[in-house]
Amino acid sequence: MNSVLTQKEQILQNIKSLYNQLGYPPKEKEYDTTYKIKSRTLVKKCFTTWPMAIKEAGIQAHFTGRMLTSKEELDFKLNRFINEYGYLPVLNDFEKNNLPEYPFLVFYQNTKNYQKNHPNVKFKTNISNVPVNNGKYEEAVLEYQDLKRKLSRVPFRYELSKRALKAISKEYYSYIDFVKAQGDKPLAQSKGNNRISDKQLIKDLQTLYRKLGYPPHASDYERSATVRNHFGSWQNALKSAGIKATFDSKNSRVTKEEVIFKIKKYIQAHGRIPMYNEYKNMGISYMTIQHYFGSNENAANYFKVLTFNQKISSANCNNKLNTFS
């Protein structure tokens with residue numbers, strides 16, 4: 001009995017010490033890595049669960065369901081990112097900086113809800129001269145500056161290489177945002193761009209739409225800068241081309257139509273809805289799924305198919321029935 005009490009006191013002391021080191025409630029895995037032990041059996045014996053151990057150590061921590069990341073850890077890491085970069089992370093930043101994306105969706109649903117509670121935090125697209133530690137992006141900036149010197153004007157989007165545009169698209173929502181961040185003023189449509197008619201641009205977009213099966217992205221079309229100059233925005237161009245495109249917000253890149261098309265294609269191949277980690281391979285973030293459907297279970301109901309876990313459970317039930325029959 002005394003041995004168990006001693007072990008319990010030691011665990012609580014270690015948790016408090018690790019909390020002071022990290023700045024947020026530690027995960028059980030972080031505890032095991034730091035103290036080089038496997039604590040699960042002992043924690044279960046002394047506290048029943050890890051969250052109970054955290055609570056008994058006098059540390060405030062909000063957990064939801066079986067999620068290992070607490071709200072306090074999420075807030076700590078978000079604040080650290082904001083203090084370093086000066087803006088609210090976008091989807092691409094979560095993966096690059098090892099930020100917990102799924103807990104963010106659970107606790108805040110979306111970036112707008114987070115900003116309501118943190119009005120002084122800006123979105124990335126709202127600020128200029130964002131420091132970026134990205135070799136490919138830096139090369140893109142050098143290419144842009146070099147072109148600018150050669151042309152004696154601000155380059156149009158289509159004048160940059162695909163490699164440069166790809167690097168820019170990972171840091172800014174649009175090429176115009178990038179140009180403004182360089183301290184330049186985006187050019188109005190040029191004489192060269194007037195050579196192609198609205199009719200031809202619309203025809204090209206419709207052809208591209210039929211080829212892809214969903215509303216094309218600006219990055220899918222080499223004359224996207226011309227399209228924006230002619231129609232004001234990419235969304236306006238799609239509307240003019242008669243292409244139905246539902247965006248969850250002003251800054252959204254992926255339409256609901258694209259999500260539906262890609263999920264249907266996945267279902268045809270696998271007979272179920274994709275898992276959380278499989279959406280990334282499809283070019284869709286789980287945040288987008290939440291925006292359009294609320295949850296993966298709702299998405300499964302929408303397409304009238306099973307989730308991965310539901311499919312496994314169904315298969316196990318069938319196996320048991322076959323065993324008894």
Side-chain angles (χ1 to χ4, degrees), residues 1-91 93-121 275-277 279-280 285-287 289-290 294-298 307-309 312-313:
M1 184 72 178
N2 290 333
S3 176
V4 173
L5 285 172
T6 304
Q7 288 174 331
K8 185 176 181 180
E9 288 170 3
Q10 185 62 53
I11 291 172
L12 291 174
Q13 187 179 338
N14 289 345
I15 288 174
K16 290 174 185 177
S17 176
L18 189 55
Y19 171 69
N20 292 329
Q21 289 177 42
L22 296 174
Y24 57 83
K27 294 190 185 78
E28 189 171 4
K29 188 176 180 181
E30 291 171 325
Y31 180 94
D32 290 355
T33 303
T34 303
Y35 296 104
K36 296 178 182 178
I37 57 170
K38 291 185 178 180
S39 61
R40 177 161 292 187
T41 304
L42 192 56
V43 166
K44 192 174 182 180
K45 186 177 180 180
C46 297
F47 307 98
T48 309
T49 64
W50 183 253
M52 289 295 291
I54 295 289
K55 186 178 180 181
E56 201 159 327
I59 298 168
Q60 187 177 16
H62 296 86
F63 294 94
T64 299
R66 294 184 179 181
M67 193 163 61
L68 301 175
T69 303
S70 65
K71 188 173 185 291
E72 287 70 18
E73 178 184 347
L74 171 66
D75 287 339
F76 176 87
K77 290 183 176 179
L78 284 173
N79 288 333
R80 185 172 61 188
F81 179 91
I82 291 164
N83 289 335
E84 183 175 351
Y85 295 100
Y87 62 86
L88 185 63
V90 292
L91 288 178
D93 294 316
F94 277 91
E95 188 175 351
K96 283 197 306 182
N97 296 277
N98 201 26
L99 293 170
E101 180 184 343
Y102 183 68
F104 180 81
L105 295 172
V106 172
F107 288 118
Y108 292 106
Q109 283 75 57
N110 55 52
T111 48
K112 287 183 179 178
N113 285 343
Y114 183 85
Q115 201 187 36
K116 283 179 185 176
N117 298 323
H118 305 78
N120 295 325
V121 180
M275 291 189 291
Y276 165 71
N277 60 333
Y279 282 111
K280 285 186 179 180
S285 73
Y286 192 71
M287 189 179 283
I289 297 299
Q290 279 217 323
S295 67
N296 210 31
E297 287 71 24
N298 289 347
T307 62
F308 177 78
N309 290 334
I312 293 296
S313 298

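Throughout, residue positions are numbered sequentially from 1 according to the sequence presented.
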**Request:** State, with a plain yes or no, whether a side-chain heavy atom of Ile54 is found less than 4.5 Å away from one of Pro26.
**Result:**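 Yes, close enough: below the 4.5 Å cut-off.
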**Asked** Is any side-chain heavy atom of Val43 less than 4.5 Å from a side-chain heavy atom of Tyr31?
**Response**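 The answer is no; the side chains never approach within 4.5 Å.
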**Under the salt bridge (charged side-chain N to carboxylate O under 4.0 Å, His left out) test, residues paired with Glu28 that sit two or more places apart** = none
**Request:** Please name all residues satisfying salt bridge (charged side-chain N to carboxylate O under 4.0 Å, His left out) with Glu56, sequence neighbours left out, ordered by chain then number.
**Result:**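 Counting only residues at least two positions away or on another chain, Glu56 forms a salt bridge (charged side-chain N to carboxylate O under 4.0 Å, His left out) with Lys8.
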For [X], enumerate each residue passing the side-chain hydrogen bond (donor to acceptor under 3.5 Å, both in side chains) test, keeping only those at least two apart in sequence or located in another chain.
X     : result
Gln13 : none
Asn79 : none
Tyr19 : none
Glu73 : Lys27, Lys77

**Request:** Specify the closest pair of heavy atoms between Leu42 and Gln7, including all atoms of both residues, with the distance to one decimal.
**Result:** CD1-OE1, 3.2 Å
**Prompt:** Do you know which two heavy atoms are closest between Pro51 and Phe63, and how far apart they sit?
**Reply:**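 Here Pro51 and Phe63 meet closest at CB-CD1, 3.8 Å.
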If I take atom [atom1] from residue [X] and atom [atom2] from residue [Y], how far apart are they, to the nearest 0.5 angstrom?
X      : Y      : atom1 : atom2 : answer
His62  : Asp75  : NE2   : CG    : 10.0 Å
Gln290 : Ser295 : CD    : OG    : 7.5 Å
Phe47  : Ser39  : CZ    : OG    : 10.0 Å
Tyr35  : Ile11  : OH    : CD1   : 11.0 Å

**Request:** Return the set of residues passing ring-ring contact (aromatic ring centres under 6.0 Å, His included) with Tyr286 (not counting sequence neighbours), or none when no residue passes.
**Result:**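 Per chain and number, Tyr286 pairs via ring-ring contact (aromatic ring centres under 6.0 Å, His included) with Tyr102, Tyr276.
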**side-chain hydrogen bond (donor to acceptor under 3.5 Å, both in side chains) partner of Tyr24, chosen from Arg80, Lys71, Glu30, Glu72** =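 Result: among Arg80, Lys71, Glu30, Glu72, Glu30 is the only option passing the side-chain hydrogen bond (donor to acceptor under 3.5 Å, both in side chains) with Tyr24.
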**Asked** Who pairs with Thr34 by side-chain contact (heavy atoms from CB on, under 4.5 Å), at least two apart in sequence or on another chain?
**Response**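 With sequence neighbours excluded, Thr34 shows a side-chain contact (heavy atoms from CB on, under 4.5 Å) to Leu18, given in chain and number order.
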